[in-house]
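Read the numbers this way: they start at 1 and go in the same order the structure lists the ligands and their atoms.
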Amino acid sequence: MDVPTYTSEDAPVPEGTVVIERSSTAQDLGPKLNRTAADVVRFLLTNGEMVTATQSLTDEMIELFASDVGAEIRLVDPGEEQEVELLKMLEFDEEELEEVDEDWPIRPPVITVMGHVDHGKTLLLDRIRSANVVEGEAGGITQHIGAYQISRNGKSITFLDTPGHEAFTAMRARGADATDIVVLVVAADDGVMPQTVEALDHARAAEVPIIVAINKMDREGADPNRVMTQLSERGLVPEEWGGDVIMVPLSAMTGDGVDDLIDNLLLVAEVEDLRADPEGRASGTVLESHLDIGRGPVATVLVEHGTLNVGDPLVSGAAWGRVRALVNDRGERVESASPSTPVQVLGLSDVAEAGDSFIIAPNEKVAGKVADTREHWQRVASFGSAGAPATGGGAKLEDIFKQIQAGEAATLNLIVKADVNGSLEAVVDSLKKRERDEVRLAFVLRGVGGITENDVQLAAASNATILGFNVRPDRKARELAEQEKVEIRTYEIIYKLLEDIENAMLGLLEPEFEEVVTGDAQVREIFRIPRVGAIAGCMVTNGVITRGSKVRFLRDGTIIWKGTIQSLKRFKDDAQEVAAGYECGIGLSDFQDLKEGDIIETYEEREIPRE
Ligand code: GDP
């Protein structure tokens, strides 16, 4: 092969700043700086980097070459330049939306609940919701769509349903500032804890007003004064002590004080004077998104401007479609959604990304074109640095500390699977924040859905550890993982997941209590028996199902419920256990929402010894 020679070494470089896309190849880069691809390749070679002319370059390589030839460059993400053009095509002016007109009507405030794990965020959200459901709502059939709206004295409030600052910040990182007020939950019997402080920092960084909910006031050790003192030390001074922060003592358990919190939220909202224009094409933020087997891609969006209607051509990132149906937080079909209203959107081409904005295009043609162009650029971008699976190099969780100790710069290879896009983003972003110089993280794959055989194969091929958040491996994946010695770790609390990764980096990985699956059964039919409730007619497909054992219900690999088996029957008789290959009836105490095809998985907790 001919060795390329310097042909244009002395040509002057372009004047001014040259815009270069990240992950450009030598072939793209050279000509932009009046050089040949060969110049770039040769230069990098002399600097110890072997690349071909068509291989994507890292930011450092591009910058190194540019500075060598004396050119001034600005690196942009692929598609960034195009994005400005696309927004023009959409006839969308972001700046115009920043302005608020005093003539616009008041809109409901959007609330995010944050705080330390176990301080009662989830219970508080549930309590607020159940105490304020609209009259006549069928017994407990509420749809968790990622957000809900309540109404009090004729005024509405929207609550985002994914508590915690991780999700909040993941959204902000994508440019979504949907939250108007943060409720910081602090347990009165526990006081300010590490995540309380983190949440506080995140809320402050977002410059969002904070209301403190001093929760668990019903507990014996409740000490609201201590909470107020601790918060004052961190600059949140309660109103009664001359500060400007509203602190409401309450109990999410008994409901005491919850109305007071709501009244205060409305008060703060009034001061904030939140307004939006309900006229015109809608735009807003995607809160959550997943693929529904029956309904296709489903996205929950929060409308921020304008009104969203059925039939509108919606575009969000590379996903688009004519809105086929809108479903509200009570599971009802609606024709339209006004500012601050969360709704599920059906009819999109693809799973949208949580935290992305959405816009209604002037027409379908433009919507399709914009989405296609973005998809193209996304492909180009992933082809470069991030998309390639890490092979060779990189280590599993249990080996990472050895590498760090050996003084090597270690890379931890991870495959992350989660139940919905929102939690996936939150997990990945929080993990990224834990990267350090000596330990880098490589995300071999991140995806929504259960852990499959494919994931395990990829993990085996790329020496990766699989992290599952609210998802489980199916049986085949489990068997393959055992065979290939791939570690799968599953979590239901982000905090625990992050703690494990940090401990692994410090060589402190605790012996894990592994949940060993003891049996699984497939639901064939649901029988409803008066006064008894639902009985799931099942076929035991693996292992043994034992009465009283711990159980998880899975739908498409995602955990939908956890509890214990109440009753177990073979035909009409009670049974202690039922083995694989037999049919049985499994009684469900409070979870009645099983469907045919769901998997009932029983498990035990055993300690895994570490060598
Ligand atoms: P999160 O991790 O912040 O979402 O916390 P959860 O809402 O899951 O609550 C953690 C635990 O605290 C659960 O067992 C709740 O039942 C309990 N809890 C939450 N709020 C209260 C409360 O006001 N009083 C009491 N006694 N327990 C509570």
Margin query: Under 4.0 Å from atom 28 (C) of ligand 1, can you find at least one protein heavy atom?
Written below: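 Within 4.0 Å: yes, protein heavy atom nearby.
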Notebook entry, point to check: Counting only heavy atoms on the protein side, is anything nearer than 4.0 Å to atom 16 (O) of ligand 1?
Noted result: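 True for atom 16 (O) of ligand 1.
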Do NZ/NE/NH1/NH2 and the carboxylate oxygens of [X] and [Y] come within less than 4.0 Å?
X: K432; Y: E435; value: no
X: D259; Y: R152; value: yes
X: K433; Y: D429; value: no
X: R478; Y: D520; value: yes

If you round to the nearest 0.5 Å, how far is [atom2] of [Y] from [atom1] of [X]?
X: D126; Y: R129; atom1: CG; atom2: CZ; value: 8.5 Å
X: K417; Y: I451; atom1: NZ; atom2: CD1; value: 7.0 Å
X: D223; Y: D189; atom1: CG; atom2: CG; value: 10.0 Å

Got the closest protein heavy atom to [atom], with its distance?
atom: atom 4 (O) of ligand 1; value: T122 OG1, 2.4 Å
atom: atom 19 (C) of ligand 1; value: L123 CD2, 3.3 Å
atom: atom 5 (O) of ligand 1; value: G120 N, 3.1 Å
atom: atom 20 (N) of ligand 1; value: N215 ND2, 3.1 Å
atom: atom 2 (O) of ligand 1; value: D118 N, 2.7 Å

Margin query: Does ligand 1 come near enough to M253 that some N or O of the ligand is less than 3.5 Å from an N or O of the residue?
Written below: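 Indeed, backbone or side chain, M253 has an N or O that close.
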Note to self: Any nitrogen or oxygen of M217 lying under 3.5 Å from a nitrogen or oxygen in ligand 1? Just yes or no.
What the structure shows: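 Looking only at distances, the answer is no, because the N/O contact criterion of under 3.5 Å is not met.
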Margin query: Within ligand 1, which atoms have a heavy atom of S251 less than 4.0 Å away?
Written below: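 Numbered from 1, ligand 1 contributes 22 (C), 23 (O), 24 (N).
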Checklist line | Numbering as shown, the atoms of ligand 1 that approach V117 to under 4.0 Å (heavy-atom distance) | finding: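 Numbered from 1, ligand 1 contributes 2 (O).
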Notebook entry, point to check: Which of these, K216, H116, H119, has its nearest heavy atom closest to atom 12 (O) of ligand 1?
Noted result: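 The option holding the nearest heavy atom is K216.
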Note to self: Please classify the D218 to ligand 1 contact at 4.0 Å (heavy-atom distances, strictly less than): side chain, backbone, both or neither.
What the structure shows: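 Looking at D218 and ligand 1, just side chain atoms fall under 4.0 Å.
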Notebook entry, point to check: Is there a donor in the side chain of R489 and an acceptor in the side chain of T465, or the other way round, less than 3.5 Å apart?
Noted result: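 No donor-acceptor contact under 3.5 Å links the two side chains.
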Check: Is a side-chain donor-acceptor pair under 3.5 Å present for T546 with S549?
Finding: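 No, because no side-chain N or O of S549 sits under 3.5 Å from a partner of the opposite role on T546.
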